[in-house]
Amino acid sequence: MPAPDLDTIVNLSKRRGFVFPASEIYGGLRSSWDYGHLGAELLRNLREAWWSAMVRERDDIVGIDSAIIQSRQVWVTSGHEANFSDPLVECTNCHHRFRLDKLDDPNTCPDCGERGTFTEPRPFNLMLKTYLGPIDDESAIAYLRPETAQGIFINYENVRRTARMKLPFGIAQIGKSFRNEITPGQFVFRTREFEQMEMEFFCRPEEAEQWHRFWLDARLQWYLDLGMDPERVRLRAHERSELAHYAAATSDVEYRFPWGWDELEGIANRTDFDLKAHSEASGVDLRFYDQDADERFYPYVIEPAAGVTRSAFAFLIDAYDEDELAGEKRVVLRLHPRLAPIKVAVLPLSKKDELVAVTEEVAATLRRRWMIEVDVTQSIGRRYRRQDEVGTPFCVTIDFDTLNDRAVTIRERDTATQVRVPIAELVEHLTVALG
Ligand code: ATP
């Protein structure tokens, strides 16, 4: 069973150190969040799973890490300065502002309940503006990137040439993006500062549709491979009216959040919009030269664009479960071992010196491979529950028999089954079990 509501996950996240409200000691800032020890590990594991699937395991995709702040001209050329906006309405009764396309009822204010009090919608640009250097006038305007994709397009030729890539090929990037969202909310689902994992896959125009289908399937499969419930994740094609200014077709990977189906990732056919626009505006020819056919053309681009922070949230909801063990209720996060922040907990049965010495020895061995935690406080039952609640796949218990037989007990999270394994075989056993 996934988390029944938002509060369950918000409370668990805060209580156990996944996510804290940003600037909490000053009252909090609804539009950003800080990630604690476990949250930081979860994000790292997610990035790692994506990078591995998208870059390391493929020979047709390479990585990049571009700057957050680029020339303002990038956003003029890409169309973001003119078009990257959401429809804003204001209630003339309570003066609260809303994003029109996200309202359940476009005639009723969700805050004060008045009907027919909204102003005409006006486009509100989502880019966060800043000034570079000591003079804050028009000439110093710059933007914090609202997507990582443009950093890829403007480096297309640098990467293609230096990595010696031929069509079809992709460039992948993970990094922070910023959007001045009208209504941030639903915990980390929509924030003004967030992190994206984006890949631009360049191909021949006539092959774009086929690659689009390929990436739709591949990206859905990625969530399933990481353990997401197939009943709660799906693909949905955009209506024409929903398409972004650069897209010929888009489908979203959606997750069934506690409030309903919502976007996890957008997979768009961006055509040749960006490369063509940057070529024309910069004067640098970004067409691909096909030596065999002796022709130049603008590649089409298929873009799977996912959120790191948003999918971390979805995986937390999806992994949440409550069950009963030995007549006692427990909360367990059934996170895939690749995503689990702590892979192994090492738990000595007592704080006696002899057990602590073996614990340190075992911990030192495991630490070289995995993020582990040593926990010596409270009853063993309480310690198991604590690990279950944060999704630790395995607990290794060191007891008094260990001193004689040099063996430990491994307890598995989901079934609570236990096996006794010699310390000498522990790493091998866990390597297989963690997958
Ligand atoms: P929406 O319509 O919900 O505002 P979008 O369609 O504009 O989102 P994309 O531009 O497709 O979003 O962004 C790709 C991905 O980046 C999203 O699927 C999401 O995972 C993530 N993302 C976008 N905006 C935010 C945000 N404000 N907070 C957290 N993640 C975001």
Side-chain angles (χ1 to χ4, degrees), residues 19 22 29-35 39 43 46-47 50 54 75 78-80 83-88 98-103 123-128 143-153 172-200 212 215-216 219-220 222-223 228 233-239 241-255 257 259-270 273-274 301-318:
V19 185
L29 187 69
R30 206 161 58 102
S31 59
S32 23
W33 297 82
D34 296 333
Y35 290 78
L43 295 181
L46 257 175
R47 289 185 206 111
W50 188 88
M54 302 299 273
W75 308 107
S78 67
H80 282 79
N83 296 317
F84 194 60
S85 54
D86 282 334
L88 171 78
F98 304 94
R99 188 173 149 182
L100 182 63
D101 60 324
K102 294 287 176 191
L103 287 174
F124 175 76
N125 196 290
L126 296 179
M127 284 202 292
L128 272 161
Y143 299 105
L144 303 189
R145 68 181 177 199
E147 60 171 28
T148 66
Q150 293 306 319
I152 295 178
F153 293 126
Q173 164 150 250
I174 299 178
K176 291 241 174 169
S177 291
F178 303 81
R179 295 182 189 178
N180 199 8
E181 298 282 357
I182 297 166
T183 38
Q186 277 138 334
F187 194 37
V188 298
F189 180 84
R190 189 179 303 287
T191 48
R192 296 195 172 115
E193 172 177 344
F194 55 99
E195 202 174 332
Q196 293 186 302
M197 314 182 271
E198 298 194 295
M199 193 274 290
E200 309 303 319
H212 195 196
W215 283 112
L216 290 179
R219 292 304 307 146
L220 179 64
W222 184 80
Y223 293 94
M228 209 170 250
V233 59
R234 70 174 187 193
L235 285 170
R236 184 187 68 85
H238 277 207
E239 306 286 337
S241 60
E242 289 178 83
L243 292 177
H245 64 271
Y246 48 73
T250 300
S251 286
D252 289 343
V253 178
E254 293 190 331
Y255 182 74
F257 285 92
W259 59 90
W261 289 97
D262 220 329
E263 176 177 339
L264 271 187
E265 166 164 356
I267 302 157
N269 176 351
R270 287 180 85 129
F273 179 88
D274 301 270
V301 178
I302 307 302
E303 173 195 74
V308 182
T309 38
R310 193 178 282 185
S311 51
F313 180 30
F315 277 112
L316 280 178
I317 294 171
D318 206 64

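None of the values given here were measured: they were computed from a predicted structure. All ligand and atom numbering here is 1-based and tracks the order in the structure.
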Could you work out, with salt bridge (Lys or Arg N to Asp or Glu O under 4.0 Å) as the rule, every residue matching Glu195, not counting sequence neighbours?
Arg47
Quiz item: cation-pi between Arg234 and Trp261, 6.0 Å / 45°
yes
Evaluate the salt bridge (charged side-chain N to carboxylate O under 4.0 Å, His left out) criterion for residues Glu147 and Arg270: first the C-alpha distance (whole Å), next the side-chain angles of each, then the deciding distance (0.1 Å), finally the verdict.
CA-CA 14 Å; Glu147 60 171 28; Arg270 287 180 85 129; 3.2 Å; yes
Taking only heavy atoms of the protein into account, state which residues are under 4.0 angstrom from an atom of ligand 1, in chain and number order.
Arg99, Lys102, Arg179, Glu181, Phe189, Arg190, Thr191, Phe194, Gln196, Glu263, Leu264, Glu265, Gly266, Ala305, Ala306, Gly307, Arg310
Tell me, with the steps shown, if Thr148 and Gln196 meet side-chain hydrogen bond (donor to acceptor under 3.5 Å, both in side chains).
CA-CA 7 Å; Thr148 66; Gln196 293 186 302; 4.5 Å; no
Assert yes or no for the condition that the ring centre distance of Phe313 to Tyr255 is strictly below 6.0 Å.
no
Could you walk me through whether Lys102 and Arg190 satisfy the side chain to side chain contact (heavy atoms under 4.5 Å, CB included) test, starting with their C-alpha distance in whole Å, then the side-chain angles of each, then the deciding distance to 0.1 Å, before giving a yes or no?
CA-CA 12 Å; Lys102 294 287 176 191; Arg190 189 179 303 287; 3.5 Å; yes
